[in-house]
Peer 1: 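Sharing a structure, written as structure tokens. Questions coming.
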Amino acid sequence: VQLQAFGGGLVQAGGSLRLSCAASGRTFSMYNMGWFRQAPGKERDFVAVINRSGGSTTYADSVKGRFSISRDNAKNTVYLEMNSLKPEDTADYYCAASDSAYSTLASAYRSWGQGTQVTVSS
């Protein structure tokens, strides 16, 4: 499956952004979908995951209560709604697809989007 993430940008602290990730190439509903982020000089960290049907979600503690992951299987798209953004949320955000595991580990995902940059100013 091919993934394309978009929707990043520059936002002030306390603001909101909605990231989207469009999938093509294979049946989108076969995949558990995750969002990860990578700040400059740091490792890629888990943000959120949603299962194939959209009925289960898991979040990193750092974003719980502020971010929401959702999906629309009819549109082959997964979303990450980000509210109450903080400067520490600044990173490149990546969507990823796993046809097997529902996982918080980047190693479980075989398909990755190109990343979209989110910058939160203080």
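All residue numbers refer to positions in the sequence shown, counting from 1. Computation of the quantities below employed the complete heavy-atom set of this structure, encompassing side-chain atoms and omitting hydrogens, waters and symmetry-equivalent molecules.
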Peer 1: Under the disulfide bond (SG atoms under 2.5 Å apart) definition, can you give me all pairs with a residue in residues 13-122, not counting sequence neighbours?
Peer 2: Cys21-Cys95
Peer 1: We want to know whether Ser16 and Asn83 form a side-chain donor-acceptor pair, criterion being a heavy-atom distance below 3.5 angstrom.
Peer 2: yes
Peer 1: Checking Asp92 now: which residues fulfil side-chain hydrogen bond (donor to acceptor under 3.5 Å, both in side chains) with it, not counting sequence neighbours?
Peer 2: none
Peer 1: Side chain to side chain contact (heavy atoms under 4.5 Å, CB included) for Ser29 and Arg52? Distances and angles first, verdict last.
Peer 2: CA-CA 5 Å; Ser29 59; Arg52 295 176 178 88; 5.6 Å; no
Peer 1: Just how far is it from atom OG of Ser24 to atom CD of Gln2, taken to the nearest 0.5 Å?
Peer 2: 4.5 Å
Peer 1: Output every pair passing salt bridge (Lys or Arg N to Asp or Glu O under 4.0 Å) with a member in residues 2-16, not counting sequence neighbours, ordered by first then second residue.
Peer 2: none
Peer 1: Restricting to non-hydrogen atoms, name the atom on Leu80 and the atom on Ala48 that form the minimum distance, rounded to 0.1 Å.
Peer 2: CD1-CB, 4.3 Å
Peer 1: Could I get the full list of salt bridge (Lys or Arg N to Asp or Glu O under 4.0 Å) partners for Asp45, not counting sequence neighbours?
Peer 2: none
Peer 1: Within the distance-only criterion (no hydrogens, no angle test), does the side chain of Thr27 pair as donor or acceptor with the backbone N or O of Met30 below 3.5 angstrom?
Peer 2: no
Peer 1: If you look only at pairs with a residue in residues 10-33, which of them pass as a ring-ring contact (aromatic ring centres under 6.0 Å, His included), with sequence neighbours excluded?
Peer 2: none
Peer 1: With sequence neighbours left out, what residues match Ser20 under side-chain contact (heavy atoms from CB on, under 4.5 Å)?
Peer 2: Phe6, Thr77, Tyr79
Peer 1: Using a 4.5 Å cut-off on heavy atoms from C-beta on, say whether the side chain of Phe67 contacts that of Val47.
Peer 2: yes
Peer 1: Using distance only, find each side-chain donor-acceptor pair of residues 114-122 under 3.5 Å and give its atom names and separation, not counting sequence neighbours.
Peer 2:
from, atom 1, to, atom 2, distance (Å)
Gln114, OE1, Ala5, N, 3.1
Gln114, NE2, Ala5, O, 2.7
Thr116, OG1, Gly8, N, 3.0

Peer 1: Roughly how far apart are Ser70 OG and Met33 CE, rounded to 0.5 Å?
Peer 2: 11.5 Å
Peer 1: Which residues pass the salt bridge (Lys or Arg N to Asp or Glu O under 4.0 Å) test with Arg37, sequence neighbours left out?
Peer 2: Asp89
Peer 1: If you round to the nearest 0.5 Å, how far is CD1 of Ile50 from OG of Ser56?
Peer 2: 8.5 Å
Peer 1: Among Ile, Leu, Val, Met, Phe, Trp and Tyr joined by side-chain contacts under 4.5 Å, find the other residues sharing a cluster with Phe36 and list them by chain and number.
Peer 2: Phe46, Val49, Tyr94, Tyr102, Tyr109, Trp112
Peer 1: Salt bridge (Lys or Arg N to Asp or Glu O under 4.0 Å) with Arg18: which residues, sequence neighbours excluded?
Peer 2: Glu81
Peer 1: When rounded to the nearest 0.5 angstrom, what is the spacing between OG in Ser53 and CZ in Arg71?
Peer 2: 8.0 Å
Peer 1: Any side-chain heavy atom of Tyr93 sitting closer than 4.5 Å to one from Met82?
Peer 2: yes
Peer 1: Please enumerate all residues that pass side-chain contact (heavy atoms from CB on, under 4.5 Å) together with Lys42, with sequence neighbours excluded.
Peer 2: Ala39
Peer 1: What distance separates Ile69 CD1 from Leu19 CG, expressed to the nearest 0.5 Å?
Peer 2: 10.5 Å
Peer 1: So, using side-chain hydrogen bond (donor to acceptor under 3.5 Å, both in side chains) as the criterion, who are the partners of Gln4 when residues are at least two apart?
Peer 2: none
Peer 1: Indicate yes or no: at least one non-hydrogen side-chain atom of Glu43 is less than 4.5 angstrom from one of Gln38.
Peer 2: no
